[in-house]
Amino acid sequence: MILQHKYFSILIIIVYSLGYQLVAQEQIETPELKTEFYDLRGTNAFDVALGTSVINGDFVDPQFEIYSHFGYKRHLTPHLALDFGYHKFNLAYIDQYNEGFMSFDLNVELLMLPHQRFSPFIFVGAGYNASNHFKETASKIQGGAGLECVVSNQFALKLYTDYNYVASDILDGLEAGGSDDTYFRIAFGVNYYFGGAEMKEKRLKDHATIIEENSITDDENRLKL
């Protein structure tokens, strides 16, 4: 489990580094201010999703079960966001086991093409896993990827999947094998973005101020010459 935590820590660093590099490259290639992200999306989002979950544990014949999700996302930059989500799902084996679970996940998300309507995204993070009534609990780490398409300003459809590694080998009620239990989820959902107009106005004002200051500095330098 320690190795898994190290692996996901490295992934988080990679996601953040990629986001930083994309922002820096964007600023170099397009010195003008890009505001398409704030028109299409926004700095905040509520999202809901419905899909299926499947366990990879100690029994055979895992069964796909129902999965639902509700969350909130805050964009720190157009590329990078923090995403907190509540997930409700079942994990089951055919004719052997069926138990309800919930998880509370915090992810770092990288949106690859934030100024376009269609964009892939990846995410990594950590969470807290619990069976119904919190009878069994464990920490976990997760990572995943998906595709998002803005169908109208502020509304986007998404399809994503994630992999969850739980710090427990009794997720399915049986302690066996040499590794902890894991599960996968795949879902289709909707993002509702808001807060874009206010941030766009602020960014435009800040950008205009910077241009004005640079212009004044250039004029002063010319006068000195």
Side-chain angles (χ1 to χ4, degrees), residues 1-9 11-12 15 45-73 81 83-110 119-149 151 155-192:
M1 187 61 186
I2 294 176
L3 290 176
Q4 292 288 337
H5 276 302
K6 288 183 178 178
Y7 175 69
F8 271 81
S9 297
L11 282 180
I12 291 175
V15 168
F46 289 118
D47 70 294
V48 293
L50 186 65
T52 186
S53 56
V54 62
I55 189 172
N56 178 23
D58 301 311
F59 292 105
V60 295
D61 297 327
Q63 178 176 314
F64 286 92
E65 276 290 340
I66 193 72
Y67 158 58
S68 60
H69 160 78
F70 176 79
Y72 167 75
K73 178 167 60 176
D83 190 347
F84 176 77
Y86 168 76
H87 308 256
K88 188 72 179 74
F89 55 99
N90 275 38
L91 298 175
Y93 292 94
I94 298 175
D95 299 328
Q96 297 181 81
Y97 176 83
N98 194 320
E99 180 66 59
F101 288 88
M102 68 189 86
S103 75
F104 306 86
D105 299 356
L106 180 62
N107 291 313
V108 178
E109 180 183 302
L110 173 61
S119 176
F121 62 91
I122 58 175
F123 57 90
V124 291
Y128 181 75
N129 203 77
S131 61
N132 285 346
H133 309 295
F134 291 88
K135 291 184 293 185
E136 296 288 343
T137 62
S139 60
K140 72 182 185 76
I141 48 182
Q142 68 275 339
L147 299 171
E148 181 188 73
C149 181
V151 293
F155 284 95
L157 301 179
K158 66 177 180 178
L159 177 67
Y160 69 92
T161 183
D162 65 9
Y163 167 82
N164 300 263
Y165 186 100
V166 183
S168 171
D169 190 31
I170 57 172
L171 193 65
D172 53 12
L174 176 65
E175 187 173 4
S179 63
D180 293 331
D181 296 328
T182 64
Y183 58 86
F184 297 85
R185 302 182 293 211
I186 183 170
F188 180 78
V190 178
N191 285 342
Y192 168 66

Checklist entry - Between Ser53 and Leu91, is any pair of side-chain heavy atoms under 4.5 Å apart? => result yes
At what distance, to the nearest 0.5 angstrom, does [atom1] of [X] lie from [atom2] of [Y]?
X	Y	atom1	atom2	value
Asn90	Gln63	CG	CD	9.5 Å
Leu159	Phe188	CG	CZ	7.5 Å
Asn107	Phe84	CG	CZ	10.5 Å
Met102	Ser131	CE	OG	7.5 Å

Considering non-hydrogen atoms only, spot the tightest contact between [X] and [Y] and give its length.
X	Y	answer
Asp105	Gly127	OD1-CA, 3.9 Å
Ala49	Ala187	CB-CB, 4.0 Å
Phe123	Ala145	CE2-N, 3.7 Å
Gly85	His69	CA-CE1, 3.6 Å
Tyr183	Val166	CE2-CG2, 3.6 Å
Ile55	Pro62	O-CB, 3.4 Å

Checklist entry - Listed by chain and number, what are the side chain to side chain donor-acceptor pair (under 3.5 Å) partners of Tyr128, not counting sequence neighbours? => result Thr137
Item to check | By side chain to side chain donor-acceptor pair (under 3.5 Å) - contacts of Asn164 (at least two apart) | outcome: Lys140, Asp162, Arg185
When you measure from the side chain of [X] to the backbone N and O of [Y], does any donor-acceptor pair fall under 3.5 Å?
X	Y	value
Ser68	Leu50	no
Glu136	Phe101	no
Asp181	Leu171	yes

Checklist entry - Does atom CZ of Phe64 have more than 12 heavy-atom neighbours, drawn from other residues, nucleotides or ligands, at distances under 6.0 Å? => result no
Next on the checklist: Taking CG in Asp95 as the centre, count heavy atoms belonging to other residues, nucleotides or ligands within less than 6.0 Å. Is the count above 12?
Outcome noted: no
Checklist outcome for this item: Between Tyr192 and the options Phe70, Phe46, Phe155, the ring-ring contact (aromatic ring centres under 6.0 Å, His included) test singles out Phe155
Checklist entry - Looking at Tyr163, Tyr67, Tyr165, which hits ring-ring contact (aromatic ring centres under 6.0 Å, His included) with Phe184? => result Tyr163
Item to check | Short side-chain donor-acceptor distance under 3.5 Å, Asn191 and Glu148 | outcome: yes
Checklist entry - Would Tyr160 and Asp47 count as a side chain to side chain donor-acceptor pair (under 3.5 Å) if you check the C-alpha gap in whole Å, the side-chain angles of each, and the deciding distance to 0.1 Å? => result CA-CA 12 Å; Tyr160 69 92; Asp47 70 294; 5.6 Å; no
Next on the checklist: Between Phe89 and Glu65, is the side chain to side chain contact (heavy atoms under 4.5 Å, CB included) condition met? List the steps.
Outcome noted: CA-CA 7 Å; Phe89 55 99; Glu65 276 290 340; over 6 Å; no
Checklist entry - Would His87 and Asn129 satisfy side chain to side chain contact (heavy atoms under 4.5 Å, CB included), going step by step from the backbone distance to the final call? => result CA-CA 9 Å; His87 308 256; Asn129 203 77; over 6 Å; no
